[in-house]
Protein chains: 2
Amino acid sequence: MPTETVPTVRPLRADAVRNREKILAAAATVFANRGLDATLDEIALEAGVGVGTVYRRFPDKEVLVAALFESGIDELATLALSAYESENSWDGLVWFMQEALSRQCTNKGLRDVVISTTYADQLKDSAKSRIGPALHKLIERAQRDGYLRTDVVESDFPIMEMMISSLGCVTNQLAPDLWRRYLTIMLDGLIVSRDAPTPLEQFPNDELVAAALRASSRHVKRSDALRTALQDDCMSD
Amino acid sequence: MPTETVPTVRPLRADAVRNREKILAAAATVFANRGLDATLDEIALEAGVGVGTVYRRFPDKEVLVAALFESGIDELATLALSAYESENSWDGLVWFMQEALSRQCTNKGLRDVVISTTYADQLKDSAKSRIGPALHKLIERAQRDGYLRTDVVESDFPIMEMMISSLGCVTNQLAPDLWRRYLTIMLDGLIVSRDAPTPLEQFPNDELVAAALRASSRHVKRSDALRTALQDDCMSD
DNA sequence: AATAAACGGAATTACTTTCTCCACTTACTT
DNA sequence: AAGTAAGTGGAGAAAGTAATTCCGTTTATT
């Protein structure tokens, strides 16, 4: 009998398996909060292991990202299909937008993957490419039924989701439902006819929203004390 | 007679004045395209002078930014005031949104300044703080007249502008008017009652939009060739 | 107890961005 | 026309930040 042709893939050691799980769990958390920009160092810290361990298990970030978000993207595709089951086509569309956005707004990593083109290729043939057609059917049906305005096209939807989730990810921490207001408004603008506007979700405290936006501002880097000191010597005018 | 108490501020040399103008012009262009993240080196290059020259004239970026955008912010405030002159309160609001956004979408720097909190303080007491009250009046009037839904608040507007301009700045180059579609949709969602939807602006070529989004993606940094090469050696699963 | 696998995390590499410095050039004196 | 102070360019110092490797130590497995 010939010896195993499979190149003797030794199973991982028990502790290595445990660590691999810890890393995946940590990556899920960290990517959800910080987005795909997160460092592998951050993930290692969160997982309670050294960076080396992360790199031994996942040769680079992209592999890790792909491993993690396959299922997230897949879920979005499933949502679109389920929405088509709904008997009322408008309700189905609304439901899809709400569900899809609630996932993208609470998971910055997911949002990044959906938008990004770098990771796109790796996931393209799996789930990501299933969302399009499903969404297309959903839209067409809602238009045929006279609910959805006929001058919107399929591509408008990812764009609107992108706009709304750009806010959602930012206010996620302090005002987690803020984005729903703007989805409601957009949907009220997308329906062909309605009498009264759909009531909006409660606007959270103004201060809270301001704080949320401030917190996410990228321009809060170096200490301002020094800057302010230099303020006046400007130059001739 | 006492000698001049003014500490003998020598006028700039002629070439220095010329360069100062060149720098301001270049900064306007570069900030508009790249946003406030632009390097002073980029500005120097665009101006055709050395970085040293830029730093001699403007001790740091913030001073330059403040010098440049004072008027931009001021213009937005003026727009809000003019909009209030309009006899129809809804039309005034629509007009303001369109005008304000068309400026913020073609000028990423302006958008950044409006959103940012770092630069906010420097401009706060000048123009930026005048926008709020003017907008408030505009909104209140449109609500009183029964046009604008009464469950939106003043703070919703900057947020909606932020969402829309986030798209606008990105597609600015290849699909400069794309944002107008979403403004139209939002406005159709903001009005209390309407029969038919307001017709949308033409959707540009799908490829074009995809290209525009791709071009702006931050994840297109290092050469992918190398990455792809490593793709398969992944690890045990 | 032997040993191969796995570990941690400091150190290296490879940027990117801000800002300084100084040898050289140029505009304004007189 | 010569002197000189003002101005210039742009290399490079300084200060990050992020990705990835390396190796002395620890640990699971036999």
Side-chain angles (χ1 to χ4, degrees), chain A residues 8-23 26-27 30-31 34-65 112 118 218-224 226-227 229-231 233-236, chain B residues 8-23 26-27 30-31 34-65 118 218-227 229-231 233-236:
Chain A
T8 33
V9 184
R10 299 246 172 88
L12 284 181
R13 228 169 66 177
D15 56 343
V17 174
R18 264 194 319 273
N19 278 333
R20 188 168 190 280
E21 294 311 314
K22 283 201 283 184
I23 291 167
V30 172
F31 281 140
R34 304 233 192 309
L36 297 186
D37 288 346
T39 312
L40 289 204
D41 290 51
E42 284 180 87
I43 292 168
L45 185 70
E46 173 77 21
V49 303
V51 230
T53 305
V54 177
Y55 276 95
R56 194 165 318 100
R57 225 38 75 204
F58 303 93
D60 67 22
K61 201 154 78 171
E62 293 184 19
V63 174
L64 182 54
V65 168
D112 287 352
T118 309
R218 290 283 144 269
H219 297 288
V220 202
K221 286 181 176 171
R222 70 193 53 234
S223 126
D224 303 353
L226 253 151
R227 299 275 154 151
L230 297 170
Q231 204 108 294
D233 57 7
C234 289
M235 87 257 39
S236 69
Chain B
T8 31
V9 183
R10 297 245 173 90
L12 285 182
R13 229 168 67 175
D15 56 344
V17 173
R18 264 195 317 274
N19 279 334
R20 187 167 191 281
E21 293 311 314
K22 283 199 282 183
I23 291 167
V30 172
F31 281 140
R34 302 234 192 309
L36 297 186
D37 288 345
T39 314
L40 289 204
D41 290 52
E42 284 180 87
I43 292 168
L45 184 71
E46 171 79 22
V49 303
V51 229
T53 306
V54 176
Y55 278 96
R56 193 164 321 98
R57 222 41 73 205
F58 302 93
D60 68 23
K61 202 153 80 169
E62 294 186 19
V63 174
L64 181 53
V65 168
T118 308
R218 290 285 144 270
H219 298 287
V220 201
K221 286 184 176 171
R222 67 195 54 232
S223 127
D224 303 354
L226 252 152
R227 299 274 153 151
L230 297 172
Q231 207 108 292
D233 57 8
C234 290
M235 88 258 36
S236 69

message = Rounding to an integer number of Å, can you tell me how far A:L12 CG sits from D:dT27 P?
response = 18 Å
ask   = Do A:L12 and A:R20 have side-chain heavy atoms sitting under 4.5 Å apart?
value = yes
note = Shortest non-hydrogen pair, B:L64 vs B:A27, comes out as CD2-CB, 4.1 Å
request  = Measure the spacing between CZ of B:F31 and CD of B:E46 and express it to the nearest 0.5 Å.
outcome  = 12.0 Å
Side chain to side chain, B:L40 and B:F58, heavy atoms closer than 4.5 Å = no
ask   = Out of curiosity, A:D112 CG to A:R34 CZ, how far, rounded to the nearest 0.5 Å?
value = 13.0 Å
inquiry  = How many whole angstroms separate atom CZ of B:F58 from atom P of C:dT20?
reply    = 16 Å
ask   = Is the shortest side-chain N/O distance from A:N19 to OP1 or OP2 of C:dC7 below 4.0 Å?
value = yes
task = Could you check which of D:dT8, D:dT20, D:dA28 has an atom nearest any side-chain atom of A:R18?
result = D:dA28
ask   = Atom CG of B:L45 to atom C1' of D:dG9: distance rounded to whole Å?
value = 13 Å
query = Ignoring hydrogens and angles, are the base of C:dA5 and the side chain of A:R13 linked by a donor-acceptor pair under 3.5 Å?
reply = yes
request  = Could you tell me whether the phosphate oxygens of C:dA6, OP1 or OP2, come under 4.0 Å of any side-chain nitrogen or oxygen in A:T53?
outcome  = no
task = Nearest whole angstrom, please: distance from the P of D:dT21 to the CG of A:L40.
result = 11 Å
request  = May I ask you to evaluate whether A:R56 reaches the phosphate of C:dG8, defined as a side-chain N or O under 4.0 Å from OP1 or OP2?
outcome  = no
request  = Look at the side chain of A:A16 and decide which nucleotide, out of C:dA6, C:dG8, D:dT8, has an atom nearest to it.
outcome  = C:dA6
query = Relative to the 5' end of DNA chain C, which residue comes earlier, B:Y55 or B:A14, by the nucleotide with the nearest heavy atom?
reply = B:Y55
ask   = Rounded to the Å, how far apart are B:R57 CZ and D:dG9 C1'?
value = 14 Å
task = Measure from CG on A:L64 to P on D:dA19 and round the result to the nearest Å.
result = 12 Å
request  = Identify, between A:G50 and B:D15, the residue whose nearest nucleotide on DNA chain C lies closer to the 5' end.
outcome  = A:G50
note = Residues B:A47 and B:I23: closest non-hydrogen pair is CB-CA, 4.0 Å
query = Rounded to whole angstroms, how far apart are CD1 on A:I43 and C1' on C:dG8?
reply = 17 Å
note = Only residue of A:D41, A:D37, A:I43 satisfying side chain to side chain contact (heavy atoms under 4.5 Å, CB included) with A:T39 is A:D41
Could you list all N or O pairs between the protein and nucleotides 15-17 of chain C that sit under 3.5 Å apart?
none

